[in-house]
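Okay, structure first, notes after.
Reckoned from all heavy atoms, side chains included, excluding hydrogens, waters and symmetry mates. Each chain gets a letter, A, B and so on, in the order the sequences are listed, and its residues count up from 1. Owing to the predicted nature of the structure, the values given are computational and were not obtained by experimental measurement.
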Protein chains: 4
Amino acid sequence: MTISDGSDVELGPDGVQAARTEWRMHQILAAAAKLMVRDGFHRVSMQSIADEAQMSVGLIYRYFAGKQEILLGVIVDVLNSFADRIPQSMQTAGDDPIHRIAAGFRAYCEIIDENREAALLAYRDGKTLDRSGREQTMNLEFKTSQPLREAVTDAVAQGLLVDVDVDLFTYNLLILAQMWSLKYWHFKSRFSLDEYIKRQSAFVLRSSIDPHRRRKYQDLLTL
Amino acid sequence: MTISDGSDVELGPDGVQAARTEWRMHQILAAAAKLMVRDGFHRVSMQSIADEAQMSVGLIYRYFAGKQEILLGVIVDVLNSFADRIPQSMQTAGDDPIHRIAAGFRAYCEIIDENREAALLAYRDGKTLDRSGREQTMNLEFKTSQPLREAVTDAVAQGLLVDVDVDLFTYNLLILAQMWSLKYWHFKSRFSLDEYIKRQSAFVLRSSIDPHRRRKYQDLLTL
Amino acid sequence: MTISDGSDVELGPDGVQAARTEWRMHQILAAAAKLMVRDGFHRVSMQSIADEAQMSVGLIYRYFAGKQEILLGVIVDVLNSFADRIPQSMQTAGDDPIHRIAAGFRAYCEIIDENREAALLAYRDGKTLDRSGREQTMNLEFKTSQPLREAVTDAVAQGLLVDVDVDLFTYNLLILAQMWSLKYWHFKSRFSLDEYIKRQSAFVLRSSIDPHRRRKYQDLLTL
Amino acid sequence: MTISDGSDVELGPDGVQAARTEWRMHQILAAAAKLMVRDGFHRVSMQSIADEAQMSVGLIYRYFAGKQEILLGVIVDVLNSFADRIPQSMQTAGDDPIHRIAAGFRAYCEIIDENREAALLAYRDGKTLDRSGREQTMNLEFKTSQPLREAVTDAVAQGLLVDVDVDLFTYNLLILAQMWSLKYWHFKSRFSLDEYIKRQSAFVLRSSIDPHRRRKYQDLLTL
DNA sequence: TATGAATGAGCCTTCATTCAT
DNA sequence: AATGAATGAAGGCTCATTCAT
């Protein structure tokens, strides 16, 4: 479910097969994501996924054990794109934990904005997954939040954030990012994505930043 | 959709009928809520609702036009209990806007805790509703948040909260309350409901309260 | 299923009851006829009949054993109105068999025109009846045609019609009358009822009337 | 809706598929016709059609959009067999319009006799079709009658039939043919099909044929 | 007599899944 | 590897009929 890294330019017979498998799975997941996101898991039929992916129903079953597994794949794909891109964005923010937090939050919001409806899928249809699927999802979600959590931990350790429960603070960041998709219908006419990010960053940081460092992060704290 | 208070009022024939109707609708919604919350809207069959409600399928259709209408009923019921109880709680908090906000937030969290899974239903299966149902839900949701929104408005007007967008601040309150149900599986082992409320209240208020009034609300701002 | 003849002005307790029964049955049949004729037997629910008849479903079952029995009643009612009115019309036509036939045919067409759709019901939903109902219907239908059949018999006996099979000729008369309802959608824009009757009478009579008597019935044979 | 002639033509893959489709549709329509004709449209369940056709319910829906469409298919099939065979029969009758009319009428009666009950279906359950189905049926019915109508037109033009409304005369022919199925229960013990045809042909033609040509068509006019 | 709440069998339809080709 | 025909269980919903009041 990860995209080929391009290293296998010289493909043996197995490599060819692996590449095709990968491509097929990508086709299926892309089709399923599009449809499920638009119509909801239960309203999407295997046939419609097959049509969208331009293959036959039967073939889908060569790559996924069933409809649920496809849902899992779609959700995992979205979560993976968080897991991939957030660390990247945070890296470019440098070493300062507060700046890292702000960058992570921004990246989170931006990815959500790009996958606004796909992001909803995980929440909306998560219950449809079986136990194992739900666990996998939860783990990935946790992994996704790890970089942010670490930055928060650092910030606390360096005394930049005070009176903060790391875990709760992290989840607050995540939920406020997700709110952009959850309440998009309401906010879209009031804020641009950028305004939203700015305001919410300020909201979160002002609540817990060490008063003595406020000046240093002035630009993050004011609108 | 409120239950008869059981007092033996002398009921006319119409009253008896109305009471039965009310009772039947309650039975159906209670059964449906229980099952849908546990299994998700699409996994619950009309037959299973009928079984749970101890009546026949046919009878359900005397009270609800279809399965969707039942979902709407369940969601509306939850939202109504917000609309009923939050103003009550805020009233007992007195006139101070900050105290009113804190009381409203607490009430919100408590009701969510009581209807933890039912609350999820509104988010999870809201998309299943048709346009009219979605509008009804959204309106109720807005109405629910009105008292909080007004208190925030007052607080801003009185200079108690600064640099705040009323609408966004209100939604932040709501989403942080809802997070208790959304991430309950994660938080339950870390916080009691009361701790959660305390911490989140402090988190929210600290971010925007006028620095000069911090002392006055000391008890709300520290853990 | 026949209407009270008014003789029981002084009603004993039984008479009162009989009158009510009659009235109720009339209400039900009238309602059912209206609806079944409009929508077809299977599309009409007992509830809708009850609504139309302004009584409860339960009450209908006091007067009819079931839905089928109502259909039978409706059909029988229509057939009875043929059986009642055709002899009347033929009587006023005097003694001449040809004139009686023409009068009977006219009456038949006119009644059908008045009950255009009800007439269809017998044909359309006749198959729905059980064996006993079908027999009853067929017998009544036969009885309906008796006066015409007798007039045809007379006409043949008097040499007015030649080379005619009485039974077939009679049925030809009936079917050509019924055709007014069967193909009404086609004919309505081409003929008035009166034109239709005139043309079809001429058509039928010309085919079999004794050439020597043609002059006598000139007005019936030309358009 | 025509059956493959069984010749082992080399079929491309598309041909095989088309043949199967044709065969399946035939199976379904044959089963449906049999059952609907016997029990009436509304008493036949999709399951019973599937059983009779020896396939699963689901498969039926690959070939027909719903139950109504099957009814339409059955009716259309019957009407098509009229549209196919009547012109054939009339062609073999030569150029004389009167002979063509007689041949067309005979063919009509014979096809009705072969599909006696299926023919009833069109009349009995026609109302069940939706607007589009009814229009399609009516158009086909009209098309079916076109050859007869043209022959009648010719006969009138050539002065063979006099004082005749072409349209009405044509419908009279049709209804008298259909009467064979409508009143079969009555006629079967009185006439053979052939007798019926002879008598009705004579009946119809005698009514309108030009007296000067009677001798020429003597064999058609006498029994 | 009259009501209409209640029942539950049965209907049409959909769709995930399988399997012969 | 790939197809899509075929299956059949399950679902939402209707409605004739019954029965307690």
| task | Please list, chain by chain and in numerical order, all residues satisfying salt bridge (charged side-chain N to carboxylate O under 4.0 Å, His left out) with A/Arg131, sequence neighbours excluded. | result | A/Glu135
| message | Once you apply a heavy-atom cut-off of 4.0 Å, does C/Arg62 come out as touching a base, just sugar-phosphate, or nothing? | response | base
| message | How many whole angstroms separate atom CH2 of A/Trp23 from atom P of F/dA1? | response | 17 Å
| request: Would you mind telling me which residue lines up with the more 5' stretch of DNA chain E, B/Ile60 or D/Lys67, judged by nearest nucleotide? | output: B/Ile60
| note | Taken in chain and number order and not counting sequence neighbours, the residues that satisfy side chain to side chain donor-acceptor pair (under 3.5 Å) with C/Lys127 are none
| request: On DNA chain F, check which nucleotide each of A/Arg20 and B/Gly66 is closest to and give me the residue with the more 5' one. | output: A/Arg20
| message | Taking 4.0 Å as the cut-off, does a side-chain nitrogen or oxygen of C/Tyr61 come that near to OP1 or OP2 on F/dC15? | response | no
| query | A/Phe64 has an atom CZ; how far is it from atom P of E/dT18, in whole Å? | reply | 16 Å
| query | Does D/Leu59 or B/Tyr63 map to a spot on DNA chain E nearer the 5' end, using the closest nucleotide for each? | reply | B/Tyr63
| request: Just jot down the salt bridge (charged side-chain N to carboxylate O under 4.0 Å, His left out) partners of D/Lys67, sequence neighbours excluded, or say none. | output: none
| Qualifying residue, where the test is side chain to side chain contact (heavy atoms under 4.5 Å, CB included) with D/Asp125 and the options are D/Leu71, D/Val37, D/Ile75 | D/Leu71
| said: Pairing donors with acceptors under 3.5 angstrom, does anything connect the side chains of B/Gln27 and B/Arg24? | reply: yes
| task | Just do the side-chain contact (heavy atoms from CB on, under 4.5 Å) check on B/His26 and B/Asp77 with the steps written out, would you? | result | CA-CA 10 Å; B/His26 171 78; B/Asp77 254 15; 5.7 Å; no
| request: Could you check how far CD of A/Gln17 sits from P of F/dA2, rounded to whole Å? | output: 10 Å
| query | How long is the gap from CG on A/Leu29 to CD on A/Glu69, to the nearest 0.5 Å? | reply | 10.0 Å
| message | Rounded to whole Å, please give me the gap between CE in D/Met25 and P in F/dA6. | response | 13 Å
| query | Do the non-hydrogen side-chain atoms of A/Ile70 and A/Ile60 ever get within less than 4.5 Å of each other? | reply | yes
| remark: Taking pairs as Watson-Crick (N1-N3 plus N6-O4 or O6-N4) or G-U wobble (N1-O2 and O6-N3), each distance under 3.5 Å, the stems of three or more consecutive pairs with DNA chain E are E:2-21 with F:2-21
| B/Val57 has a side chain; which of F/dG8, F/dA2, E/dG8 sits nearest to it? | E/dG8
| Residues in contact with DNA chain E, drawn from residues 30-56 of chain C - heavy-atom cutoff 4.0 Å | C/Met55, C/Ser56
| field | Distance, rounded to the nearest Å, where A/Gln68 contributes CD and E/dC15 contributes P | value | 17 Å
Show me the donor-acceptor pairs, under 3.5 Å and distance only, between side chains in residues 38-45 of chain A and residues at least two apart or in other chains.
from, atom 1, to, atom 2, distance (Å)
A/His42, ND1, B/His42, ND1, 3.2
A/Ser45, OG, A/Ser48, N, 3.1
A/Ser45, OG, A/Ser48, OG, 3.3

